[in-house]
Colleague: 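I have a structure here, written as structure tokens, and I will follow up with some questions on it.
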Amino acid sequence: MLDNLQALVSAWPFGVFCLMLGACVGSFLNVCIHRLPTGKSIVWPPSHCTVCLAPIVWYDNIPVVSYFVLRGKCRQCGTRFSVRYALVEAASGLVFFGFWLAYFVFGVREGAAHVGVYMVHMVLASALLASGVIDFERKEIYTSVTNVALAVGLVGSFLWPQVQRVGACDGQLPDWTGWERADAMLLGLVGAAVGAGLIFVTRLLGTLAFKKEAMGIGDIYLMATIGGVLGWEGAVLVFLAAPFMGLVYGLWHLARKRDSEVPYGPFLGLAAGVVMLVQNDVVAHFRPGIEAMCEIVFG
């Protein structure tokens with residue numbers, strides 16, 4: 001414990017940097033959350049008030065801080081901004097800081113204290129945050145978000161095979177091509193296929209059972225992205241954990257609105273966040289079964 005505290009004190013500038021970086025990423029995610037459903041460009045025009053169209057100057061666009069300085073209103077016309085902007089920025093900053101703390105200071109996952117792993121995982125976390133908010137508000141998931149994160153995961157796996165090794169059986173990559181980078185990317189594709197396949201089969205069976213669409217196609221893309229980054233084991237764990245994440249909200253939503261349609265993306269994201277922290281411990285607990293499955297899959 002003392003060693004962890006000493007490491008935290010000595011590395012605090014990096015933690016502050018991660019916190020600020022995450023908040024800035026959250027500001028960009030707000031743009032995506034607002035503009036993607038309306039079909040607008042996420043790069044042009046620059047940030048502006050949606051009512052009076054006045055551009056937001058840089059000192060009014062500081063993540064989290066500006067919202068409270070302006071008391072949640074446009075400086076020009078006084079229109080109130082949604083508190084969601086500040087919440088997304090704060091959440092993104094805390095996610096970036098929290099995973100830096102977990103990976104590099106407390107070492108909750110063996111092999112995760114790696115810059116490449118951290119960067120790819122934060123891209124995944126950002127995509128899950130944006131997709132979760134959009135899905136919660138509109139019951140839609142945009143492939144423009146998930147596909148970018150999946151591409152980053154696969155390219156990141158090629159550049160840093162540790163991205164896949166950290167979630168692989170015994171931390172070892174299968175020797176399929178004799179080239180570690182290619183094997184890591186292929187393992188990411190396997191994870192994407194497993195993640196997408198689990199939701200596809202569930203959606204198919206649910207649709208047949210309930211005579212209506214049981215899950216959105218967007219959930220398939222979201223799980224493909226999760227599997228592509230976290231590996232097939234991570235995809236299986238997320239698939240098993242997500243229903244428990246959404247159970248309480250689903251029951252409350254059903255009782256309150258008499259509506260059984262619940263956005264699943266936010267709970268896939270929550271489950272993925274938890275798995276990113278505890279995957280090693282869970283896999284170690286179920287090691288005998290996992291080893292048997294590895295023998296079947298990889299020979």
Colleague: If you compare all heavy atoms of Leu29 against all heavy atoms of Ser92, which two are closest, and at what distance to 0.1 Å?
Modeller: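 That closest heavy-atom pairing would be CD1-OG, 4.3 Å.
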Colleague: Does CE in Met20 sit with more than 12 non-hydrogen atoms of other residues, nucleotides or ligands closer than 6.0 Å?
Modeller: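 At most 12 heavy atoms, drawn from other residues, nucleotides or ligands, come within 6.0 Å of this atom.
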Colleague: Can you sort out the partners of Ala182 under side chain to side chain contact (heavy atoms under 4.5 Å, CB included), two or more places apart, ordered by chain and number?
Modeller: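 Once residues adjacent in sequence are excluded, the partners of Ala182 under the side chain to side chain contact (heavy atoms under 4.5 Å, CB included) criterion are Thr177, Trp179.
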Colleague: Side chains of residues 120-134: which donor-acceptor partners sit under 3.5 Å, not counting sequence neighbours?
Modeller:
| unit_1 | atom_1 | unit_2 | atom_2 | d |
| --- | --- | --- | --- | --- |
| His121 | ND1 | Tyr103 | OH | 2.8 |
| Ser126 | OG | Met122 | O | 2.8 |
| Ser131 | OG | Ala127 | O | 2.8 |

Colleague: Starting at CG of Leu186, measure out to CZ of Phe158 and round the result to the nearest 0.5 Å.
Modeller: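 If I round to the nearest 0.5 Å, the distance is 10.5 Å.
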Colleague: Using side chain to side chain contact (heavy atoms under 4.5 Å, CB included) as the criterion, list what pairs up with Leu21, not counting sequence neighbours.
Modeller: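 Here the qualifying residues are Phe17, Val25, Phe96.
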Colleague: How close do Pro63 and Ser27 get, heavy atom to heavy atom, and via which atoms?
Modeller: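 Minimum heavy-atom contact is CG-CB, 4.3 Å.
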Colleague: Is it true that atom CZ of Phe99 has more than 12 heavy atoms of other residues, nucleotides or ligands lying nearer than 6.0 Å?
Modeller: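 Yes, CZ of Phe99 has more than 12 neighbouring heavy atoms, counting only those of other groups under 6.0 Å.
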Colleague: Grab the two heavy atoms, one from Pro263 and one from Lys139, that are nearest each other, plus how far apart they are.
Modeller: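 Taking every non-hydrogen atom into account, CD-CE, 4.2 Å.
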Colleague: Roughly how far, to the nearest 0.5 Å, is CH2 of Trp100 from CG of Leu19?
Modeller: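 Between Leu19 CG and Trp100 CH2, I get 10.0 Å after rounding to 0.5 Å.
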Colleague: Under the rule for salt bridge (Lys or Arg N to Asp or Glu O under 4.0 Å), what residues qualify as partners of Glu110, not counting sequence neighbours?
Modeller: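 For Glu110, no residue satisfies salt bridge (Lys or Arg N to Asp or Glu O under 4.0 Å) once neighbours in sequence are set aside.
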Colleague: Evaluate the side-chain proximity of Trp160 to Val117: yes if any heavy-atom separation is below 4.5 Å, no if none is.
Modeller: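 No, too far: nothing below the 4.5 Å cut-off.
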Colleague: May I ask you to list the residues sharing a hydrophobic cluster with Val69, side-chain cutoff 4.5 Å, ordered by chain and number?
Modeller: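 Under the 4.5 Å side-chain rule, Val69 groups with Ile62, Val65.
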Colleague: What's the spacing between Cys24 SG and Glu89 CD if we round to 0.5 Å?
Modeller: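 Going from the SG atom of Cys24 to the CD atom of Glu89 covers 8.5 Å.
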Colleague: Compute the centroid of each ring, for Phe104 and then for Phe14, and state whether the two points are separated by less than 6.0 Å.
Modeller: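 Aromatic pair excluded; centres sit 6.0 Å or further apart.
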Colleague: A side-chain contact here means heavy atoms from C-beta on lying under 4.5 Å apart; do Asn30 and Arg84 qualify?
Modeller: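 Answer yes - side chains close enough.
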Colleague: Is there a side-chain contact between Trp176 and Leu187, using heavy atoms and a 4.5 Å cut-off?
Modeller: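 Result yes, sub-4.5 Å side-chain heavy-atom pair found.
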Colleague: Do Phe28 and Ile42 have side-chain heavy atoms sitting under 4.5 Å apart?
Modeller: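 Yes, at least one pair of side-chain atoms sits under 4.5 Å.
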Colleague: Does a sphere of radius 6.0 Å around CD1 in Ile217 hold more than 12 heavy atoms from other residues, nucleotides or ligands, not counting ones at 6.0 Å or beyond?
Modeller: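 Open.
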Colleague: Give the minimum heavy-atom separation between Cys77 and Cys52, together with the two atoms involved.
Modeller: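 Taking every non-hydrogen atom into account, SG-SG, 3.7 Å.
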Colleague: Parallel under 30°, tilted from 30 to 60°, perpendicular over 60°: which one fits the rings of Phe81 and Tyr85?
Modeller: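 Ring orientation, 0 to 90° scale: perpendicular.
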Colleague: What distance separates Leu101 CG from Phe97 CZ, expressed to the nearest 0.5 Å?
Modeller: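 Separation between the atoms: 5.0 Å.
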Colleague: Could you pull out all donor-acceptor pairs under 3.5 Å where a side-chain atom in residues 264-278 meets a protein atom, sequence neighbours excluded?
Modeller:
none

Colleague: Do the non-hydrogen side-chain atoms of Val166 and Arg109 ever get within less than 4.5 Å of each other?
Modeller: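 The answer is yes, as the side chains (C-beta and beyond) meet within the 4.5 Å cut-off.
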Colleague: Can you see which heavy atom on Arg165 is nearest to which on Gln172, and at what distance?
Modeller: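 The pair with the smallest heavy-atom distance is CG-N, 4.3 Å.
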Colleague: Mind checking the CG-CG spacing from Asp135 to Asp219? Nearest 0.5 Å is all I need.
Modeller: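 So the gap between those two atoms works out to 6.0 Å.
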Colleague: Which value, rounded to the nearest 0.5 Å, describes the distance between Leu237 atom CG and Ile226 atom CD1?
Modeller: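 Nearest 0.5 Å value for the CG-CD1 distance: 11.5 Å.
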Colleague: Testing the basics here: between Val83 and Tyr67, what is the closest heavy-atom pair and its distance to 0.1 Å?
Modeller: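 That closest heavy-atom pairing would be CA-OH, 3.3 Å.
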